[in-house]
Amino acid sequence: MDKTYKNPADGLLYCGECHTPRQCKVRAFGVERVQFCTCECEQKRLAEEEAERERQQAIADKRRRDNISRARSQKVDLNLTLDNGTSGHIQGSISSRK
């Protein structure tokens, strides 16, 4: 439910929750126009969403780094058979390269 209302003093739309303007008057090239702007509670909501996105990204980055580190330190145990009939065995660990 939209709680926006028009302020009779200036004719602009205001947020019904935080009572700050959702419209503002802008003068450009000698002409005054009414533009939409972000009220305080919307700015707060957007900032919280951005902080949550950054938090989720930090978690994803840490998981990715951990997975790469884990993959680099895995043990290898391979039995190989080549097309020419020779076979071999490789055993060891994968080391990280920088």
Side-chain angles (χ1 to χ4, degrees):
M1 179 170 84
D2 190 16
K3 299 176 183 177
T4 301
Y5 65 91
K6 191 170 195 173
N7 184 342
D10 58 13
L12 299 176
L13 294 179
Y14 280 70
C15 176
E17 293 180 32
C18 64
H19 305 286
T20 57
R22 295 193 71 189
Q23 288 183 325
C24 57
K25 293 180 181 178
V26 178
R27 180 172 287 283
F29 305 108
V31 178
E32 185 174 79
R33 293 182 178 210
V34 175
Q35 299 288 321
F36 282 96
C37 57
T38 309
C39 65
E40 287 180 9
C41 65
E42 184 71 7
Q43 290 174 11
K44 181 181 175 186
R45 185 187 66 76
L46 292 171
E48 289 170 355
E49 285 180 3
E50 180 64 22
E52 177 62 18
R53 263 192 303 278
E54 289 173 0
R55 188 181 76 76
Q56 292 293 331
Q57 186 63 49
I59 291 169
D61 290 346
K62 183 180 181 322
R63 285 182 181 158
R64 191 171 14 267
R65 285 190 307 272
D66 290 349
N67 287 339
I68 289 170
S69 176
R70 201 174 306 120
R72 287 182 177 163
S73 65
Q74 289 180 343
K75 301 287 182 191
V76 175
D77 191 7
L78 300 172
N79 289 312
L80 303 173
T81 303
L82 302 178
D83 289 340
N84 65 6
T86 58
S87 63
H89 182 253
I90 299 173
Q91 189 174 18
S93 62
I94 300 173
S95 62
S96 64
R97 296 182 189 188
K98 292 183 181 180

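We use all heavy atoms of the structure for the numbers below, so side chains are in, but hydrogens, waters and symmetry mates are not.
Crowding of Arg63 atom CZ: a count of heavy atoms from other residues, nucleotides or ligands under 6.0 Å not exceeding 12. Other residues, nucleotides and ligands contribute at most 12 non-hydrogen atoms within 6.0 Å of the CG atom of Asp83.
Glu32 contributes atom CD, which lies 5.5 Å from atom NZ of Lys25 (distance to the nearest 0.5 angstrom). Put simply, CD on Glu54 and CD1 on Ile59 are 12.5 Å apart, with the number rounded to the nearest 0.5 Å.
Residues passing the side chain to side chain contact (heavy atoms under 4.5 Å, CB included) test with Lys6 are Leu13, sequence neighbours excluded. Residues meeting the side chain to side chain donor-acceptor pair (under 3.5 Å) test with Asp61, sequence neighbours left out: Gln57, Arg64.
The residue from Arg45, Gln23, Arg22 that alone fulfils the side chain to side chain contact (heavy atoms under 4.5 Å, CB included) condition with Cys39 is Arg22.
For the residue pair Cys15 and Cys41, the shortest heavy atom distance occurs at SG-SG, 3.5 Å.
Side-chain heavy atoms closer than 4.5 Å link hydrophobic residues (I, L, V, M, F, W, Y) into clusters, and following such links, possibly through other members, connects Leu12 to Tyr5. Residues Phe36 and Leu46 fall into different hydrophobic clusters, defined by Ile, Leu, Val, Met, Phe, Trp and Tyr side chains chained together at heavy-atom separations under 4.5 Å.
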Subject >> Full working for side chain to side chain contact (heavy atoms under 4.5 Å, CB included) between Lys44 and Glu40 >> reply: CA-CA 6 Å; Lys44 181 181 175 186; Glu40 287 180 9; over 6 Å; no

